[in-house]
Amino acid sequence: MQHWLRYFPPGKERSVNRYQVTPSEKLIIVTDVLPALLQGNYQPTASDGTCQVALYIEAGQVSQIRQLFNETDLSVPPGWQILKLPNQWILVPAFVDCHVHLALDAITGFKGLTGPVADEIIERRLREVAEGGIMALRDGSDRFNTGLQARYLSRKLSVNTIRPAVIATGRAIFRKGFYGTNLGGEGVTSFHEVENRLLQLRKEGADQVKVVLSGLLNFSYAESTDPPHFSLEEMKAIVARAGEYGLPVMVHANSDQAVRLAVQAGVHTVEHGFFLSAETLQLMAEKDVAWVPTVVPVAAALDLYQGSSREEKAIKKIIEKQLKMISLARELGVTMGLGTDAGAPGVDWKIGYRQEMKLFARAGLSAADILTIASENGAKVLGLNKKMGKIASGKKPCWLGLEKNILSSMENFKGPAGIISFR
Ligand SMILES: [Zn+2]
């Protein structure tokens, strides 16, 4: 029988059990799972929708998955070890946060990171993200290029410990004179400047490009009157040129008009997407454009604006509308990713993620839906689906042990109880 390492994150958070699989190990993990999170055909056998499987791992990756219908089904070849997960756990693929800002301080949301303390602060934030079970994140830009710096640091730290993979977008592209200075530094005034910025991003090794098409939400109103900051023709040209450089486009868009324009221009993902309509969601489903609804920064704003009745009322309306559209997106088959906008005022690096999961539950989505969105969809949004996402043969361990009580209510979720990764 193999044993867990106990891992005690600092602060008041619970301790997390950790297991790192080594390349020389021949290991069988016996655990309950939700069939939807496995590659292949497995049948639920328990009333909570789970089944029991044995995951055979050798040379650092899954070689076989077998469903266990009873105790005697488990065959243990000579030289293999067993790691049995607690009965009250399920094993799920690790989480992916599709939208964070490692540079922002989660208080003002605007203080960028520069100077000698930057590395230390980024390292601390990456550790907190990992403790939350988030094994990959996409940084949604800042003017100091922190995302690229974080990607470098994460790779360096991952040699000795568990750190999330970082997908970096470099500095965002935004129109000069409009919102975006904190995300991109200098705005663009012509397509020639856009081309130069894309060239620069390719040179720096960005994984994706962030384009700002709308402003921030104005919490005095439960609607947007902000016209898109680029025209459809401009947006199409940006997407086409970015595509030539192999850069998928993530677009910050609020208002139905802006989201629709982004979708028509063929972007990879729509970020936030507040105030979008059912028709636009339908178009997203047809064109396979993913949506990252980021409800938690708005929910956090509710705390910040407590006592000012006008804003409180507008914020509540914005949240309810967004949850309704999340429910509709699920029905229409829109690919949604889970993103927190961590670093924005009031959004914590690890707690923000489970708050967003609970908001998706409030929208009426099941635990299986939310866990699929958190893992499989997130991996797709980040372009990491060969490595992460579904639990599958040929993939390395990158999984979490969660207490089963989340299957009855997501409100029970207090963070992962175990992390299983590959070393
Ligand atoms: Zn953002």
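Every number for a ligand or one of its atoms is a count from 1 in the order of the listing.
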Handout entry: Tyr179 and His252 aromatic ring geometry - parallel, tilted or perpendicular at 30°/60° bounds
Key = tilted
Problem - Among the N, O or S atoms of His101, the one nearest the Zn ion (ligand 1) - result: NE2
Exercise for the section: Please determine if the Zn ion (ligand 1) has an N/O/S atom from Asp341 lying under 2.8 Å away. Expected result: yes
Practice task
Please confirm if an N, O or S atom belonging to His252, backbone or side chain, lies less than 2.8 Å from the Zn ion (ligand 1).
Solution key: no
Practice task
Evaluate whether atom OH of Tyr305 has more than 12 neighbouring non-hydrogen atoms of other residues, nucleotides or ligands under 6.0 angstrom away.
Solution key: no
Exercise for the section: To the nearest 0.5 angstrom, please state how far the CD atom of Glu204 sits from the OG1 atom of Thr169. Expected result: 10.5 Å
Exercise for the section: State plainly whether the residues Glu131 and Arg127 are in salt-bridge range, i.e. N to O under 4.0 Å. Expected result: yes
